[in-house]
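A quick write-up on the structure given underneath.
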Amino acid sequence: MKRVLHISDVHVEQGFGQVPWTTFLDKRAVGLTNLVLRRRRFYHDAPRVLASLAEWATGESVDVLLLTGDLTALGTEPELRAARLALTPLLEAVPEVVILPGNHDIYVKRDLAFENRFGDLLRTDLPELATDGVWPQVRLFGDDLAIVAIESARPNPEIRRSSGCVPQVQLDALPAIFEHPALAGRVILVGTHYAPRRASGRRDSLEHGLDNAEELLQVCGQVELGALLHGHIHRRFFLQGPPLPLPLFGAGSSTHRGHEGGWVFDVTHGRADVRELSCNAGVFSLSDVRATLA
Ligand SMILES: [Fe+2]
Ligand SMILES: [Fe+2]
């Protein structure tokens, strides 16, 4: 059995004291104002929540952590450094990690700041099928589990836009990945930042959603046994059944005060039982099985 913990949008909003003021002469000025006036009260405890998650993961023998982006608020280098520091107990508590950036981690420009802090965790077990640097990452765990991680975030320098898109070269790589003999018979968990659907089952808005949600869902229809796991929408939910070609699990924002948690997948041969991880009075606990992939 492999136990996967899926969390997202941990938004470690720290490190701003080391950010030069000239950094805020763009959309980040709006983001910083939003942070100070509204968001900070929800996320100032994020490092403590991550430390509690690390304790929980150790006690519950989590094998794999999947973190689907938005580790920071404005994607500055000091924030990414603070996020790495805050995540260190969890990264040390779990033997394997699959990680990808969210739009907040590459807020206004795509440089190597994310790779500089988290590049040691970006890897693929099928490098011959990677078409976009390391992407899509394919990770094989034991005999029964594969995680395919897609980068769907992009910089959004326009003030009112926070949308994403899976690069065509990554979409084009997916059919060969899903058909690869190394993935045959495994439960396949596809991880990305953006949500193809909101909790209502409808598409997200043009300004906030995934441009090519339909194309991604269509190609993921090849997955016979598995699910798509995402972040970006700060609400934990899952959707399954027609017309969706595979179940969708949104982890919500795993450190948001009052909404801490994520999803836990217990994967055995040909089956995954899914439980919700939630937090009450600072104590994490698992629900009964909420969904079964079989
Ligand atoms: Fe987020
Ligand atoms: Fe996001």
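Note that the structure is predicted; figures quoted are calculated from it, not measured. Whatever order the structure lists them in is the order used to number ligands and atoms, beginning at 1.
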The angle formed at the Fe ion (ligand 2) by NE2 of H193 and OD1 of N103 is about (to 10 degrees) 90°

Between A272 and V187, which heavy-atom pair has the shortest distance, and what is it?
-> CB-CG1, 4.3 Å

Residue D70 atom name (nearest to the Fe ion (ligand 2); N/O/S) | OD2

Note, E13 side chain near H44 side chain (heavy atom, < 4.5 Å) | no

Of all N/O/S atoms in H234, which lies nearest to the Fe ion (ligand 1)?
-> NE2

Residue pair V190 / L229, side-chain heavy-atom distance below 4.5 Å | no

Would you please say whether a donor-acceptor pair under 3.5 Å links the side chains of H208 and S163?
-> no

Measuring to the Fe ion (ligand 1), does H104 have an N/O/S atom at a distance below 2.8 Å?
-> no

If the Fe ion (ligand 1) is the vertex, what is the angle to NE2 of H11 and OD2 of D9, rounded to 10 degrees?
-> 110°

Name of the H232 N, O or S atom nearest the Fe ion (ligand 2)?
-> ND1

May I ask you to check whether N156 and S162 show a side-chain donor-acceptor distance below 3.5 Å?
-> no

